[in-house]
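Report on one structure; see the data block that follows.
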Amino acid sequence: MGNFSEEINRRRTFAIISHPDAGKTTLTEKLLLFGGAIHIAGAVKSNKIKKTATSDWMEIEKQRGISVATSVMGFEYEGYKINILDTPGHQDFAEDTYRTLTAVDSVIIVVDVAKGVEMQTRKLMEVCRMRKTPVIIFVNKLDREGRDPFDILDELESELKIAVRPLSWPINIGQRFKGVYNIYEKNLNLYTPSKQVVTESVEFKDINNPELENYIGQGDAEKLRADLELISGVYPEFEKDEYLKGNLAPVFFGSALNNFGVKELLDCFVEIAPSPKPINALEREVKPDEEKFTGFVFKIHANMDPNHRSCIAFVKVCSGKFVRNENYKHVRSGKMMRFSSPTAFMAQKKSVVDEAYPGDIVGLPDTGNFKIGDTLTQGEELHFKGLPSFSPEMFKYIENNDPMKTKQLNKGIDQLMDEGVAQSFISQYNNRRIIGTVGQLQFEVIQYRLLHEYGAQCKWDAISLYKACWIECDDEAVLENFKKRKHQYMAKDREGRDVFMADSSYVLQMAQTDFPKIKFHFTSEF
Ligand code: G4P
């Protein structure tokens, strides 16, 4: 077992999240460079969806196709096995990102120094906070003019609602950017703009050493000393435990494009970031070092080739060792399944693997058996929690446009919902089916896929809704009264749970005020 627990301890499974354009792809690429997983910059294809493509979702899917290859990037670094889980940049796929966050043990957030905290970052951080995921923040683009780093720290703290602690500190910015002082390791990294070269650092235990002036000049040396003094006055010492509990985010500064400050980030990351942790199932807590294999599906990627309706189900190994060709139980169906060609992802290559350890992700080819959230075990009845659906933000009625193909349409909708493309509700008021998404694009995706994969035609009817929330109440009578009074707003989700669909924030507020005993939930798991 010695080897087994070592394998677990050396794993770091995480995601990089950011608002589009902050530098996520660039940082990912630099991390892969350090791991020797790729050898030249520019090798990682961005799965960023260009803004011009929003009206052409086929183009988007093509680009998204790339993201199968980059869905998980595994590499070795200094004895650690690192798994980066990629998240789609386009906000219409935010739901994909939320789910990916359920499969990681920690997160690195990239923030643009000129732009500070942006909308997408704020939303994703909410998910991290909910799950108590440890986060490290990388403030990027210091080679460009930007905001004062103290301002940025304040903003991170107030906007992301997490305590911060700088572990590196920039010396000037933009044209005058000279480098960073690594507070964590007490050394000085001098900046030379270059996309390929890794800068050497100078050890600098005593910041008061007059040598500092020789490196960065008098003005910047004085400023750095003053800044560092202020930092140690204002921010408490870095405590790893607080970071691991998700209460405190260490902050690094650098320039991903110039590969600057990235090594410091990576070195600190492998040291402090958590290895796979116990995960809660409905029945019990599952520890990674248990002998028996367990895992769950957190993402399903459909093959866009209309001739093969196949997908890849991404499974996070939670405990034990996953072994190729073993029989595993698919808990939802009760069926035993065997996987002869599970894939793992090293750097950007996908290859068949014989075994995988907790923290690893395996890709299982699938033809429609899997559903997001499904559990695989060696026989135990386990159901992993923590794959909530989030309250959708856009809604349309879906209608059948070809009465001969009703069966195909229903099957198609069911499978697409299983994949997590969108959520479906049935209005209790008029019995019509409502599809809820987080972005406009999903409607186009659904319509296209129904036609090309299922031969079914749908059309959309407008419905004006503001938010869907799951409701709950201990007092059955109150709940019934609510449902009667709000009949026109009530719907059921696919599991038959009650959902309140408010058509304006006012209606929602009124409902909350009038029915204080009812709990309104904005995620499906509570
Ligand atoms: P994303 O995945 O978060 O969306 O961001 P991405 O890495 O694609 O970076 C967005 C843009 O910011 C890219 O420029 C990238 O080159 C640039 N960038 C990333 N890190 C830095 C940095 O440290 N300094 C500076 N100055 N720029 C940085 P682009 O022009 O949009 O794309 P490209 O044509 O360079 O690929």
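These figures come from a predicted structure and were not determined experimentally. Each ligand, and each atom within it, is numbered from 1 in the order the structure gives.
Here's the thing with Ala256: one of its N/O atoms is less than 3.5 angstrom from an N/O atom of ligand 1. Residue contacts with ligand 1: Asn258 is placed with no nitrogen or oxygen under 3.5 Å of a nitrogen or oxygen of the ligand (distance criterion only). Among the atoms of Leu257, some N or O lies under 3.5 angstrom from an N or O of ligand 1.
Ring geometry, Phe260 versus Phe177: the interplanar angle exceeds 60°, so the pair is classed perpendicular (tilted spans 30 to 60°). Ring orientation note: the planes of Phe314 and Phe298 are tilted relative to one another, at an angle of 30° to 60°. The aromatic rings of Tyr77 and Phe34 sit perpendicular, their planes meeting at an angle over 60°, well past the 30° parallel limit.
Of the options Arg10, Arg12, Lys81, a salt bridge (Lys or Arg N to Asp or Glu O under 4.0 Å) to Glu76 is made by Arg10 and by none of the others. Exactly one of Thr28, Leu85, Val107 qualifies for a side-chain contact (heavy atoms from CB on, under 4.5 Å) with Ile16. That residue is Thr28.
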Could you go through residues 242-254 and list every donor-acceptor pair under 3.5 Å that involves a side-chain atom there, pairing it with any protein atom two or more places apart or in another chain?
| from | atom 1 | to | atom 2 | distance (Å) |
| --- | --- | --- | --- | --- |
| Glu242 | OE1 | Asn247 | ND2 | 3.2 |
| Glu242 | OE2 | Lys245 | NZ | 3.4 |

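By heavy-atom distance, the residue among Leu142, Ile16, Thr26, Asn259 lying nearest atom 6 (P) of ligand 1 is Thr26. One option in His19, Glu145, Arg144, Lys141 has a heavy atom closer to atom 11 (C) of ligand 1 than any other, and that option is Lys141. Remark: among candidates Pro20, Ala114, Gly23, the nearest residue to atom 5 (O) of ligand 1 is Gly23, based on non-hydrogen atoms.
In Asn140, the part holding a heavy atom less than 4.0 Å from any atom of ligand 1 is the side chain. Under 4.0 angstrom from ligand 1, the non-hydrogen atoms of Asp21 come from both its backbone and its side chain.
Among residue pairs with one or both ends in residues 113-140, none qualify as ring-ring contact (aromatic ring centres under 6.0 Å, His included); sequence neighbours excluded.
The Ser18 neighbourhood of ligand 1 comprises atoms 3 (O), with distances under 4.0 Å to a heavy atom of that residue. Every atom of ligand 1 with a heavy atom of Ser255 under 4.0 Å away is listed here by number and element: 22 (C), 23 (O), 24 (N). The ligand atoms of ligand 1 that sit less than 4.0 angstrom from a heavy atom of Lys24 are 1 (P), 2 (O), 3 (O), 5 (O), 7 (O).
Ion pairing between Lys141 and Asp21 fails under the 4.0 Å rule for side-chain N and carboxylate O.
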